[in-house]
Amino acid sequence: MNAPVLVINCGSSSIKYALIDPDPQAPRLAGLAERLGSAEARLKGQNSAGESFTQPLPAADHTQALNAIFEHLEGRLPGAVGHRIVHGGEHFTQAALIDNSVINAIETTAALAPLHNPANLAGITATRKIFPELPQVAVFDTAFHQTMPPRAYRYALPEALYTEHSIRRYGFHGTSHAFVSQRAAELSDRGAGGWLTAHLGNGCSTSAVWNNQSLDTSMGLTPLEGVVMGTRSGDVDPGLHTHLHRQLGWSLEKIDSVLNKESGLLGLSGLTNDLREIEDAAKQGHANAQLAIDVFCYRIAKSLAALSCALPQLDGLIFTGGIGENSSTVRRNVLALLPHFGFALNDNANEATIRGKEGRLDNADHQGPQVWVIPTDEEGRIAMETRHCLEARL
Ligand code: ADP
């Protein structure tokens, strides 16, 4: 297929899009329709000349926003649409061409992602309405982690919770972990060996990848499990919920909201979820900002050390995501907590590898596990999986 793929990530009140040509040199058109359903709804994006635009779309719904997005594609008609779907449960181990049975399966899985899957489905419904003839492919955040063995995906809970209610660890950020580990296999002389990946953005997760397959990851049934994130707590004592309910009278909704929206870097620093601001505040002596960085880095290192148990051998560690790609401080701190792994950070390379640069952070002749920064490309990966899914059906 020579036509571009339109990648869509549909939230409850937003649609993120990117038009991706098979030629990697071709400019990407990308943007975000946000605040849908409100008077302030608008479409922000970039045209192929790299110029930004904002178009008000008062009270627009998903269908109206998609129509507006299509008008900004500068006549480059997509040959297919690739949808990012958060949860594919155990049903989807790879991307799937969307038909009624796939839609039913995504609906069934919505019990596991009640906030995300219905919003993702709204994007599919709207696109089908506007372009019924365009093939659409669902690419799942969970699919890459479906290769995890039972010892990694089962919780130590009564079996019926798994067999009857699908309660197990699924993992997320699959397109990112898949993209960066595959890219490392291309770039490094180690190939598709044993890689630890750290996707550190607003959401953060770590993963252990062997031979291009995920063997374990830090997120679980939901994206709340694992390392500390922008506003999410990551792992807490499961007894915390009962404690907060009994001692403070908090409802489940309040506990859920605090752990997802008021915790993490924001909760610890008391300032913000933006690591750049936290790093600046820490430099100026803000004790809680420094504590937030310390906890954040320690928990990442601890998670990576734990995940190394999944790998038959350790060939390297990959940092990605807004923090992983930019914060030399976080990378240095995390590696300093793993001295027994034999990493060897080159400080100059660490300081220089920022703002979307791809590169190795240790010296080329280092024999131990390597350290790489690989900017993630989730949209590019979704477009690639969309193409592969369609080509496999020809
Ligand atoms: P999302 O998960 O929403 O895609 P990103 O991957 O863009 O998020 O990551 C956002 C995070 O990256 C924020 O915490 C932001 O502060 C951090 N970040 C971006 N640039 C830098 C930088 N230069 N230094 C430190 N942190 C950065």
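Atoms within a ligand are numbered from 1 in the order they appear, just like the ligands themselves. Position 1 is the first residue of the sequence, and the numbers go up from there.
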Checklist entry - So which protein heavy atom does atom 20 (N) of ligand 1 come closest to, and at what separation? => result Asn326 ND2, 3.5 Å
Checklist entry - At their closest point, which heavy atom of Val7 faces which heavy atom of Glu379, and how far apart are they? => result CG2-O, 3.6 Å
Item to check | Under 3.5 Å: N/O of Asn202 near N/O of ligand 1 | outcome: yes
Next on the checklist: As an exercise, identify every atom of ligand 1 less than 4.0 angstrom from a heavy atom of Gly203.
Outcome noted: 2 (O)
Item to check | Salt-bridge present (Asp21, Arg76; N to O < 4.0 Å) | outcome: yes
Checklist entry - Any side-chain hydrogen bond (donor to acceptor under 3.5 Å, both in side chains) pairs touching residues 323-340, not counting sequence neighbours? => result Glu279-Ser327, Thr320-Glu325, Ser328-Glu351, Arg331-Asn350, Arg332-Glu351
Checklist entry - Would you call Asp235 and Lys302 a salt bridge, taking side-chain N to carboxylate O under 4.0 Å as the test? => result no
Checklist entry - Nearest to atom 11 (C) of ligand 1, what protein heavy atom do you find, and at what distance? => result Ile323 CG1, 3.7 Å
Checklist entry - Which option out of Met229, Lys16, Arg276 puts a heavy atom nearest to atom 25 (C) of ligand 1? => result Arg276
Next on the checklist: If we count only N and O atoms by modelled type, under 3.5 Å, do the side chains of His388 and Gln94 hold a donor and an acceptor together?
Outcome noted: no
Item to check | atom 9 (O) of ligand 1 within contact range, any protein heavy atom under 4.0 Å | outcome: yes
Checklist entry - When you measure from atom 18 (N) of ligand 1 to every protein heavy atom, which one gives the shortest distance, and what is it? => result Gly322 O, 3.6 Å
Next on the checklist: With side-chain contact (heavy atoms from CB on, under 4.5 Å) as the criterion, how do Ile103 and Arg128 come out once you've worked through the C-alpha distance, each side chain's angles and the decisive distance to 0.1 Å?
Outcome noted: CA-CA 12 Å; Ile103 290 181; Arg128 278 184 134 196; 3.3 Å; yes
Next on the checklist: Considering both backbone and side-chain atoms of His199, is one of its nitrogen or oxygen atoms within less than 3.5 Å of a nitrogen or oxygen in ligand 1?
Outcome noted: no
Checklist outcome for this item: With sequence neighbours left out, the residues meeting ring-ring contact (aromatic ring centres under 6.0 Å, His included) with His87 are Tyr170, Phe172
Next on the checklist: Is there a polar contact, in the sense of an N or O pair closer than 3.5 Å, between Gly321 and ligand 1?
Outcome noted: no
Next on the checklist: Which residue and atom name correspond to the protein heavy atom nearest atom 16 (O) of ligand 1, and how close is it?
Outcome noted: Asp274 OD1, 2.4 Å
Checklist entry - Is Leu275 close to ligand 1, meaning an N/O of one under 3.5 Å from an N/O of the other? => result yes
Checklist entry - Which of the atoms of ligand 1 are close to Asn273, meaning less than 4.0 Å from one of its heavy atoms? => result 14 (O)
Next on the checklist: Are more than 12 heavy atoms, taken from residues, nucleotides or ligands other than Phe341, located less than 6.0 Å from that residue's CZ atom?
Outcome noted: yes
